[in-house]
Amino acid sequence: VEKLGAHFYEEVATDSVVVPAGVDAHKVIKFEITNEDIEQFLNVVINDLLPKYTEMMANPEYQEALGLTTEDAAMIEAGIDTSDVDLQSIVKEISNYLTINKLEEFIVITQDNYIGYDVMNIDLSIGVMGENFGLTMGYDLVKTDMNEPVKFKMGIPSGDQVVPYEKLMEMEAQMYE
């Protein structure tokens, strides 16, 4: 994880992003990936992060915390086995189809070391079968009143107001029939 932070995250000036009123910007951290460093990013993810993630999944405490069985964890580990990954081929294939016009995130840290504001902008150009299209996404998230008691404006649902997860999945499946 240190490698990801060392190469793709950097502290920038607090005026690098427009911070909403009420958010105290103590530090601003910028995350960015460009076309030039996609290979380095994928190398860190494939050769550093994913193997460490599979190590974590082998730990029974993490399995329990995530609600996984030992079999689930083994399936995850098998599914993200990176031992035979050809990074150069992946990078070449990606570069044939994808151009990163912008992929950046600004994380605003408050004086109390909370993430008070987070904004991401993604602008990609994708070429498939001779056709090109753009994909643009963004989000901004403001967090306030950290560690304060939660105020439920509508109350806490109970009884008939609660849809069990299984019923929700059935309802969703029926939508696609």
Side-chain angles (χ1 to χ4, degrees), residues 1-59 61-63 65-68 72-144 146:
V1 176
E2 295 81 21
K3 291 183 181 184
L4 190 63
H7 296 288
F8 301 100
Y9 288 92
E10 70 173 317
E11 187 172 345
V12 294
T14 56
D15 61 359
S16 298
V17 63
V18 177
V19 179
V23 176
D24 170 38
H26 176 65
K27 290 183 187 178
V28 176
I29 308 297
K30 181 180 181 183
F31 170 78
E32 183 176 32
I33 300 174
T34 65
N35 293 305
E36 290 74 32
D37 56 26
I38 191 75
E39 181 175 355
Q40 183 180 16
F41 176 77
L42 290 173
N43 181 48
V44 170
V45 169
I46 291 169
N47 294 315
D48 291 324
L49 294 181
L50 290 178
K52 287 182 177 159
Y53 179 74
T54 58
E55 284 177 29
M56 282 182 11
M57 290 298 101
N59 183 327
E61 291 178 13
Y62 283 110
Q63 291 172 12
L66 296 171
L68 300 173
D72 292 337
M75 189 170 67
I76 291 170
E77 185 175 351
I80 58 175
D81 179 20
T82 61
S83 60
D84 63 348
V85 171
D86 181 357
L87 183 62
Q88 297 300 319
S89 295
I90 293 171
V91 171
K92 185 175 188 232
E93 191 69 20
I94 289 173
S95 66
N96 288 335
Y97 300 102
L98 177 70
T99 301
I100 300 171
N101 301 317
K102 181 185 282 189
L103 197 159
E104 64 183 14
E105 176 184 29
F106 291 92
I107 304 163
V108 177
I109 310 294
T110 67
Q111 187 72 34
D112 297 327
N113 287 321
Y114 290 112
I115 296 175
Y117 181 61
D118 188 12
V119 60
M120 179 176 259
N121 295 299
I122 300 172
D123 181 4
L124 309 173
S125 296
I126 303 167
V128 179
M129 299 184 332
E131 298 288 325
N132 292 309
F133 64 95
L135 175 65
T136 304
M137 297 184 293
Y139 75 82
D140 61 64
L141 179 66
V142 178
K143 301 173 193 166
T144 58
M146 271 77 78

Any donor-acceptor N/O pair, [X] side chain to [Y] backbone, under 3.5 Å:
X	Y	result
N35	I100	yes
S16	V12	no
D37	T34	yes

[X]-[Y] side chain donor-acceptor pair, cut-off 3.5 Å:
X	Y	value
D118	Y139	yes
Y62	E55	no
S125	N132	no

### Task
Starting from the C-alpha separation in whole Å, work towards a yes-or-no answer on side chain to side chain contact (heavy atoms under 4.5 Å, CB included) for Y53 and I80.
CA-CA 9 Å; Y53 179 74; I80 58 175; 3.4 Å; yes
Can you tell me how far apart [atom1] ([X]) and [atom2] ([Y]) are? Round to the nearest 0.5 Å.
X	Y	atom1	atom2	result
M75	L68	CE	CG	9.0 Å
I38	I90	CD1	CD1	11.0 Å
M137	M120	CE	CE	8.5 Å
F31	F8	CZ	CZ	7.0 Å
I76	Q63	CD1	CD	8.5 Å
L124	F133	CG	CZ	9.5 Å

Residue pair [X] / [Y], side-chain heavy-atom distance below 4.5 Å:
X	Y	answer
H7	Q40	yes
V119	L141	no
T136	N121	no
V91	L42	yes
V17	Y117	yes
E93	N96	yes

### T54 versus P51, closest heavy-atom pair with distance
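Looks like OG1-O, 2.7 Å.
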### Query
What are the two closest non-hydrogen atoms of M57 and L66, and how far apart are they?
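In this case the closest contact between M57 and L66 is CE-CD1, 3.2 Å.
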### Task
Starting from the C-alpha separation in whole Å, work towards a yes-or-no answer on side chain to side chain contact (heavy atoms under 4.5 Å, CB included) for V108 and I115.
CA-CA 6 Å; V108 177; I115 296 175; over 6 Å; no
### Message
Assess whether a salt bridge exists between K30 and E104, defined as any Lys/Arg side-chain N lying under 4.0 Å from an Asp/Glu carboxylate O.
### Response
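Yes, this pair counts.
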### Task
Please name all residues satisfying side chain to side chain donor-acceptor pair (under 3.5 Å) with E61, sequence neighbours left out, ordered by chain then number.
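Partners of E61 under the side chain to side chain donor-acceptor pair (under 3.5 Å) test: none.
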Using atom types as modelled, flag every donor-acceptor pair under 3.5 Å from a side chain in residues 18-28 to any protein atom, sequence neighbours excluded.
residue	atom	partner	partner atom	Å
H26	ND1	Q111	OE1	2.9

